[in-house]
**Student:** 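Structure incoming, see below.
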Amino acid sequence: QKYRLHRENFQYVVNMISQHEVFHSAQTRRPQRPPSHQLMVFLHYLGTSGSGANNPRLRNMFGIGRGTAELYKRRCVTAIRSFKERYITWPDEREKRDISKRIFKSTNGCWMNCIGVADGTLIPLTFAPQSSDAPDYHGRKHPYSLSVMIINDDNKRIRMYHAGNPGCAHDSR
């Protein structure tokens, strides 16, 4: 619950990222903590809202040094993002036909030639962005947020996303 991930899924992600080069750097004098430990710090940060996700709290909870929490988060983001092309792909022609048939069947023939469903969401930010356009990130639902549009297929697989518009922008933008 603390890490917002089932144990099996956590282990899957650990196995996926553990061979990434960011976890095997020879530039440091001391060996790194295991990728599983670094991922726990990152997931705890993502799953905690408000000031609970601040660095002093992470440092106290995990017994890590001042810049270590930031370093762990950067490493995990780098490793996870390296798999984007593998997991988030637009379907090819054959797959489009298959998805379209499944959606047509599951909607009793109401949605013809549909290959995805889009929906927008807001990702709340804990702090105001450190940029000149920070007021643009102030939306009607959260003090500061990012607008994200996600397109997924009928199997709930994310096929495309667009993230980064300020929270004041409507998701159809």
Side-chain angles (χ1 to χ4, degrees), residues 1-23 35-36 38-50 52-53 72-129 131 133-173:
Q1 198 171 25
K2 190 183 296 183
Y3 305 105
R4 313 277 189 194
L5 207 57
H6 291 287
R7 189 178 303 268
E8 310 83 55
N9 296 344
F10 175 79
Q11 195 56 51
Y12 179 82
V13 175
V14 169
N15 292 338
M16 187 176 76
I17 67 172
S18 63
Q19 297 307 311
H20 194 280
E21 63 189 22
V22 296
F23 297 114
S36 57
Q38 296 183 50
L39 183 61
M40 285 193 311
V41 172
F42 177 62
L43 291 175
H44 185 71
Y45 169 76
L46 289 180
T48 306
S49 63
Y72 287 3
K73 290 186 283 185
R74 275 197 311 269
R75 285 179 183 156
C76 288
V77 167
T78 299
I80 291 168
R81 288 191 69 193
S82 73
F83 290 94
K84 176 184 173 188
E85 302 301 320
R86 181 172 164 187
Y87 289 100
I88 300 179
T89 60
W90 195 249
D92 60 18
E93 292 305 315
R94 181 197 55 77
E95 202 174 8
K96 285 179 185 178
R97 277 193 310 278
D98 293 345
I99 294 169
S100 175
K101 286 178 186 175
R102 289 194 310 261
I103 291 175
F104 184 76
K105 184 178 178 182
S106 69
T107 61
N108 295 321
C110 291
W111 289 8
M112 185 181 294
N113 299 323
C114 178
I115 60 168
V117 178
D119 195 11
T121 189
L122 292 172
I123 307 293
L125 302 175
T126 303
F127 304 104
S131 62
D133 61 347
D136 292 342
Y137 289 84
H138 194 280
R140 65 181 183 84
K141 292 185 179 180
H142 303 286
Y144 294 98
S145 59
L146 290 174
S147 179
V148 179
M149 174 66 73
I150 299 173
I151 301 172
N152 64 285
D153 64 18
D154 60 315
N155 290 326
K156 301 176 187 167
R157 180 176 177 194
I158 296 174
R159 293 306 191 142
M160 185 66 67
Y161 69 91
H162 177 75
N165 282 337
C168 70
H170 190 277
D171 60 8
S172 66
R173 180 179 186 183

**Student:** Is it true that a side-chain atom of S100 and a backbone atom of K96 form a donor plus acceptor pair closer than 3.5 Å?
**Tutor:** no
**Student:** Determine yes or no for a side-chain-to-main-chain donor-acceptor pair under 3.5 angstrom, with N155 supplying the side chain and R157 the backbone.
**Tutor:** no
**Student:** About how many Å separate CG of D154 and NZ of K101, when rounded to the nearest 0.5 Å?
**Tutor:** 13.0 Å
**Student:** Enter the distance from I88:CD1 to F83:CZ here, rounded to the nearest 0.5 Å.
**Tutor:** 13.0 Å
**Student:** M40 and F10: side-chain contact (heavy atoms from CB on, under 4.5 Å), yes or no, with the steps?
**Tutor:** CA-CA 9 Å; M40 285 193 311; F10 175 79; 3.6 Å; yes
**Student:** Less than 4.0 angstrom from a charged side-chain N to a carboxylate O is my criterion; do R102 and D98 meet it?
**Tutor:** no
**Student:** Residues two or more places apart in sequence or in another chain: which of them pass side-chain contact (heavy atoms from CB on, under 4.5 Å) with Y12?
**Tutor:** M16, Y87
**Student:** Determine, step by step, whether H44 and V41 satisfy the side-chain contact (heavy atoms from CB on, under 4.5 Å) criterion, reporting the C-alpha distance in whole Å, the side-chain angles of both residues, the deciding distance to 0.1 Å, and the verdict.
**Tutor:** CA-CA 5 Å; H44 185 71; V41 172; 5.9 Å; no
**Student:** Atom CD1 of I103 and atom SG of C110: how far apart are they, to the nearest 0.5 Å?
**Tutor:** 12.5 Å
**Student:** Donor-acceptor check, side chain of H20 to backbone of V22, threshold 3.5 angstrom: yes or no?
**Tutor:** yes
**Student:** Show your working on side-chain contact (heavy atoms from CB on, under 4.5 Å) between E85 and T89 and close with a plain yes or no.
**Tutor:** CA-CA 6 Å; E85 302 301 320; T89 60; 5.8 Å; no
**Student:** Which heavy-atom pair separates P91 from R159 by the least distance, and what is that distance?
**Tutor:** N-NH1, 3.7 Å
**Student:** If I compare all heavy atoms of P124 with all of S145, which pair ends up nearest, and what's the gap?
**Tutor:** CA-CB, 4.0 Å
**Student:** Any idea which heavy atoms bring I99 and I115 closest together, and the distance?
**Tutor:** CG2-O, 3.5 Å
**Student:** Does any part of the side chain of V117, heavy atoms only, come nearer than 4.5 Å to the side chain of W111, both counted from C-beta?
**Tutor:** yes
**Student:** List the steps, then state whether side-chain contact (heavy atoms from CB on, under 4.5 Å) holds for D92 with E95.
**Tutor:** CA-CA 5 Å; D92 60 18; E95 202 174 8; 3.2 Å; yes
**Student:** Quick check: closest heavy atoms across A79 and F23, and the distance to 0.1 Å?
**Tutor:** CB-CE1, 3.7 Å
